[in-house]
Structure formats: structure tokens, C-alpha cells
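Any value given below was found using the heavy atoms of this structure, including those in side chains, with hydrogens, waters and symmetry copies removed.
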Amino acid sequence: MAVSAGEVQLTSFLVKVASRCNLDCDYCYVYHHADQSWRSMPRLLSLENREAFASNLASYVQHAEIRRCVVVFHGGEPLLMGSSELVAFAAQLREAVGADVQLDIGMQTNGLLLTREAIDEFSSADIGISLSLDGPKEANDLHRTSRRGRSSFEQTYRALQLLRSAPDVFAGVIAVIDPRTPPRQLLEFFSEQQVPRLDFLLPDAHHLRPPPGRLEQPDVYERWLIDAFDIWFTEYSGLQVRTFEALLDAVAGMPSQTDAFGFGDVSLITVETDGTFHDLDVLKVVSQGATRLDGSVRDTPISDVAASTALAAHRALLKKEGLCASCRSCDVVDVCGGGSVPHRHGLNGFKNPTIYCKEMRALIRHVQARIADSLELGTPTAVSAHYSHDMGQFECAETSMEAVASLWANAISNQSIGLRRALHWLEGSSSDSGEPAAAKVLLDSPSTIDLLAQRPGAIAWSNAMLAIDAGRPVSAVDGSPLGRDAGYANWMLARLQESSEQSPEVHGDDAWLRRPFGNAIHFEGQEILPAAEPLLHEALEILHAWRPAVAQELRRICRAVQFIRDPAADPDKIVSFSDNAVPGALYVSVTQRAKLVDAYDLADSLLHEYRHQKLYLLERVAPVVESTSRKVVSPWRQDLRPPSGLFHAVFVFVELRRFWKHVRSLNVDRLNTRAENQLMDTDARLSEAFLTLAGCPLTATGRSLVAVLEAAAQE
């Protein structure tokens, strides 16, 4: 039978399998707030209570005609029960509810006890894992330490890497905000770690226990939230941040999928390690016993709990008519929904605005304004924007002039903004009188900034300086730290005054074309230029003779070429690379076993890296792959690659295939066998790569482009 009108439908069950923890996070609502009932709880959920809950749940899903529900293993730290016991409990629950009910099982963990073997067990048992991690070490260790104050970061970071290699079980990360950590630092960290989903939580607080630090800085959380949203919205929208996605849903009038925004209904109860039923676990911040409901898994049907007066009272607080008078009359109440119930608590119970009312009002109004502005300007607001140009025209240099010009202008505009910010920072922070003076001269000339924004080294420098200004550690590829470089402003000023522009600039002495790679790459000395520069121009002429549009587009978007060697590579291998951290720079080797490479091989390298740069331009506007932690096999690499890396390889080798077909048609004796082998190898690998991409989470833009590439690979 279905639930009655006065009975909530429970679809989520937070089960405390352990009441103790191997960390002592100082903001934890279980151990450091009003309710201290954990002290009298059994350490682990007993076999008897596990069996009773399984039976009770089976009866309830049948009673309420539920076909899908969620059980989350929680604590304390759930891994204290042991991975094998958790897997057995999950199997027990699924067997109890039967095959007709989809039972999703997850776990919230600090990761300290997570091992590869445990992850394999959870993967086999289809148990999702969410990790508690507040950010990089300096952020995480503000609060998440042992009872002796020791760091938990290294162990949790190890767990994060294990989870990244197991995307089938990695559900996401929960992070509690501390406004002392800049939002950009967190977003960059979690984006780099490719977490599948991120949930920012405000510190639990209410009117009798205000948020930490707000008395001293009344607008500290407001500023943090608005800054975080703006950075995410404009730079990291591919990172799924549940907090902000829920807010966008609420602003759009849709259900927000979180109790932090919008109106809703009770759908979750908690089971403690003694088997007793409890309300929303976070209500522990209110008072001793605030979560307690009548009965336990052994003696009370879940249907009775669902029909209880306690849950009915909680349910009323989630409706507009259950809010206090000031909330009901608020202009953003339909978005805010009154905020999280525990955060409303005061001397008069829950008849108050959330303690974060000021922050919520400011953030919601800001987001509404951003959405309105973006609609007025015609910019997309979806997480993965779709590119409006025809992908067939974009992919081919002969038809991509307009599209690439627009993408290039967009990139230069954004790079100019970053460069100005870095120079303003330098102007205001340097103690050397010459450095601010150089920064001011550059800033006083907008046209100069736009010129510098086309120089890959200047962009690499400005991005690194802004990261340092935000308090983030910056490292070269080899792991060596990159520090503040105020003198580069003087170098840029002198460079503009003494040299004429050419594109690409050949093996220039720009330190920031090289510094991001540390000692991982060997850069050739200037003595190679007399031989290498003519070879480069010969290679560019080869490309021009083949397809003038390709050579012209390369010169437009690739503004620097550096000659390199990789000492660790096979001496027969011709090395080349490019990196989006240094946009528009091509790194190519011009020697092979101490001899100059063939001009056609150098043309291959230039074409290869130019195609990466072209796709980077598109990805800054519209990603081709959805945000994912998944890794796939690439036919061109021995290690697993993210789907975006495989997509780049396909985009590159479709063009290289055209080039080597042209070379074969030239019928040059020394190149015929090479061209034939290159084409056979490329065709085989492209075929495999397209099959893999078909199973990857591509965006609408990615699907359109891959269809164009697949057709081109058959030409």
C-alpha cells in the first residue's frame, strides 16, 4: 500500500555503522557541538541491529511501494567497521529488499583507512565512496587533524589518488569552508584533482553559536561565497559544484537537490549504532537529544517513524508557511527556502531566519544578477556550453578563419585581464622601485597589454604570479617550486622597446617559456640557431606548399617555437610537446642522434602541436568532454589518459593523416616507406580511439566534433 497523506516518504537512510572516529575535526557536529550522545553509543552497529534494519527496510519499501532508495554508511568513521563487514552488510541489505528495488549504497569517509584492496571490494559490491577533504594541505589541516593535532592531509590525499583511479566508486568530495582559504585556491585544487563532484559546506552554526570568525569580519562569508561563485561560473564551470548547481536550479525555479536552498520535504532518517531512529543528523548542533525519534530498528516499523509527529514537525519547517514572518516576506524566500533547518535555531526554536541569512540574500541576489547579465549578453549559463559554429568549418583550416579569429580574440581578451591583474598586484606589492614603475608603464598602455597577452611567456608568468598571490604553491613540471618573479615586468618592457614582432618567435630568450618545465626538458643553446632556424622555415614552407591556410593559422595562434631535447627519451625519438599553461608555444626537437631532423619530420611536429593549440582555443569556450575522473586507454600512450587527452590525440592525428597522404603523393624516395607506415599505423590507432571515445562522456560540442573527425578519418 502507498504512504498516507500525513506520512512522509523516506527514501534515504543514513546508517551510523561506527560511532567513533580516527580524526578530531574541530568543526564536527557529532563530537564538537551540543549533542554528545556518541559517548554512550556502541562503537559499532551490531550484527543484531544490522539484521533488524535490513528486515525493517525490506518491510518499509514494500509498504511504501518504493522502487529506489539510498543507504549511506556513516559515522564517526565507517571504515572502522572494516571493508569486508561493510560489503557483507551491503549484500545483506540488497538481499533483504529484493531485486525489484534499486538500492544505492554509499559511504562518507575521511579516507585514512582506505586501501586499494578495500576499493576493489567496494567496486565489486557497487558501493560509492564520498571523501571528506577541505582542500590542499594548508586548507585541510586548519581543522582536519588528529587528537594530537597532527596533519591528516597526506593520508587523505593518498586516498584521493586511489579513488581517482577508481571512477566507478568515486562519488565526490565534501569540503567545509574556512574563509581564510581563498576560493580560487580550492577550485583550482579540486579541478586539478578532477573530482567528479564537489560539495562546499558552510560551518555548522546557529543563532546561539554564530559562524566562526564572523564577529570579527561581518562580511567574510558573504565575500567568500560571491567570489567563489564568480570564479566557478566563469572559469571552473566544468567542475561540478553541487552547492552552486543547486543554487542555479533554485534561481531557475527548479528543485535544488539540497536542503540549503528552496523548499522541500523530509526524505531521510538516521539510524545510530544502538539501532535507535533519529532525525537529520546535523540537528545535533542544536541540543542534546534533538535528533532522537521514537523506537529502534528492533521494535518500531519504519512506517511508524515516517508517520511520527516529530517528522511532521520537521516537515512543516520545510514549507513556506512554516517559516518565520521575516522569511515569508523576503524577496528571495522562494530561492532560499529559509535555509538549512539547523542553522535557524535560536532561543525561540526554529522560528528564525538562517544564521547565514545575510550571506544567502547577498549570494542569491548576486547570482540572479549574473544570470540576467549572461542572458542579456547571450552567453551560455549551462555547465558545459555548446559551441555555435559549425564543427566541420572549425576543424578545417580552409574554412575556420572566422571561428578561429573569434576564439583567438576571446583568448587574448581573457589573457589581457589576467595580465593586468598580475601587473596591478606587482605594482602594489613590490618593494623594488623599478618593478612597480615598469608595471605602471605597461598598465598605462592598453595596446601594449594586448600585445603582451599574445606572448605565451607573459601569460605563463601572469598565471603563476596570480596563483602565488592567492597563496597557492606553484611548481614546475619537475616539481621544483616557482617563486615570485617581479623582474619579469622589466624584461617585458625592454623586450617591447627593442624588438620587432615576428610570428612565431624562434627560440627566444624568454625565461617564462622555459621556467614552467624546470629541468624536465633540456632547451638547446643559442648556438643551434644558425642551423635550426633555416630548418624551421623550411618545415613551415612545406606546410605552406601543402595547405597555405594551415600555415597561416599556425602562425596566427602559435607565437613561439622553442628547440628542445628530452634526455630521458629514446635517442631515435623526435620529441615535441605543447602545454596549455604556456598557450601558443610549440616545443620541438630539431636533432636526432646529434644530427638535424628531416624537414618533413619537423613539419610533422609543428603540425602536431599547432593542432593541440587550436583545440585548446575551443575548449576555453566550450569543453568537448564532460568533467570526469575517468581514465581510458589511448592507442598512442602506454599510460591511461583522461578522455580529453584521447580527444586531443584524435584531433591531432586526423590532420597528420592528411599530411602524410600528401607526402606519399609526392613520391619522394626517402619518404615513401615512412609515409606508408605512418598511414597504416595512424588508421589502426584512430579506429581504436574512435571506439573508445564513443563510450566517453562527451559534451554536445564534443559529439559534433568527433563526428566530423570520424568522417575526415575516412577520406
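Side chain of Asp230 to main chain of Asp227: no donor-acceptor pair is present (N/O by atom type, distance under 3.5 Å, no hydrogens or angles). Side chain of Gln36 to backbone of Tyr31: a donor-acceptor contact under 3.5 angstrom is found. Not a single donor-acceptor pair under 3.5 Å links the side chain of Arg630 to the backbone N or O of Arg164. A donor-acceptor pair under 3.5 Å is formed between the side chain of Arg344 and the backbone N or O of Gly339. Using modelled atom types, no side-chain atom of Asp24 and backbone atom of Ser146 make a donor-acceptor pair closer than 3.5 Å. In this structure, the side chain of Thr291 does not engage the main chain of Lys284 through any donor-acceptor pair within 3.5 Å. The backbone N or O of Leu283 lies less than 3.5 Å from no partner atom in the side chain of Asp35, so there is not a single donor-acceptor pair. In terms of modelled atom types and a separation under 3.5 Å, the side chain of Asp134 and the main chain of Ala139 share no donor-acceptor contact. When atom types are taken as modelled, the side chain of Ser191 and the backbone of Glu188 share no donor-acceptor pair closer than 3.5 angstrom. A donor-acceptor pair is defined here as one N or O able to donate and one able to accept, closer than 3.5 Å; no such pair exists between the side chain of Lys16 and the backbone of Leu44.
Heavy atoms of other residues, nucleotides or ligands lying less than 6.0 angstrom from CZ of Arg158 number more than 12. A 6.0 Å sphere centred on CG of Asp168 holds more than 12 heavy atoms belonging to other residues, nucleotides or ligands.
At a threshold of 4.0 Å, the pair Glu321-Arg328 does not count as salt-bridged, since none of the basic side-chain nitrogens sits closer than that to a carboxylate oxygen. Ion pairing of Arg197 with Glu245 is present here, as a side-chain N (NZ or NE/NH1/NH2) and a carboxylate O approach within less than 4.0 Å. Under a 4.0 Å N-O distance rule, the pair Lys358/Glu222 qualifies as a salt bridge. A salt bridge is defined here as a Lys NZ or Arg NE, NH1 or NH2 lying under 4.0 Å from an Asp or Glu carboxylate O, and Arg361 with Asp331 meets this definition. With respect to the salt-bridge test (charged N to carboxylate O, under 4.0 angstrom), the residues Glu235 and Arg184 qualify. Classification of Asp104 and Arg68 as a salt-bridged pair holds, one side-chain N sitting under 4.0 Å from a carboxylate O.
The two atoms that bring Ala205 and Tyr356 nearest to each other are CB-OH, 4.1 Å, heavy atoms only. Minimum interatomic distance between Leu86 and Pro78 (heavy atoms only, all atoms of both residues): CD1-O, 3.6 Å. Residues Ile66 and Cys69 come closest through the heavy atom pair CG2-CB, 4.1 Å.
Here the two rings, on Trp232 and Phe229, have centers that are under 6.0 Å apart. Taking the six-membered ring wherever Trp is involved, the centroid distance between the rings of Phe73 and Phe89 falls below 6.0 Å.
The closest side-chain heavy-atom distance from His143 to Asp178 is below 4.5 Å. Contact of the Leu198 side chain with the Gln240 side chain is not registered, since no non-hydrogen atoms from C-beta on lie closer than 4.5 Å. The shortest side-chain heavy-atom distance between Trp38 and Glu272 does not fall under the 4.5 Å cut-off.
No donor-acceptor contact under 3.5 angstrom links the side chains of Asn110 and Arg144, judged on distance only. With 3.5 Å as the limit, one finds a donor-acceptor pair spanning the side chains of Asp204 and His343.
For the atom pair CD1 (Ile129) and CZ (Phe170), the distance works out to 9.0 Å, reported to the nearest 0.5 Å.
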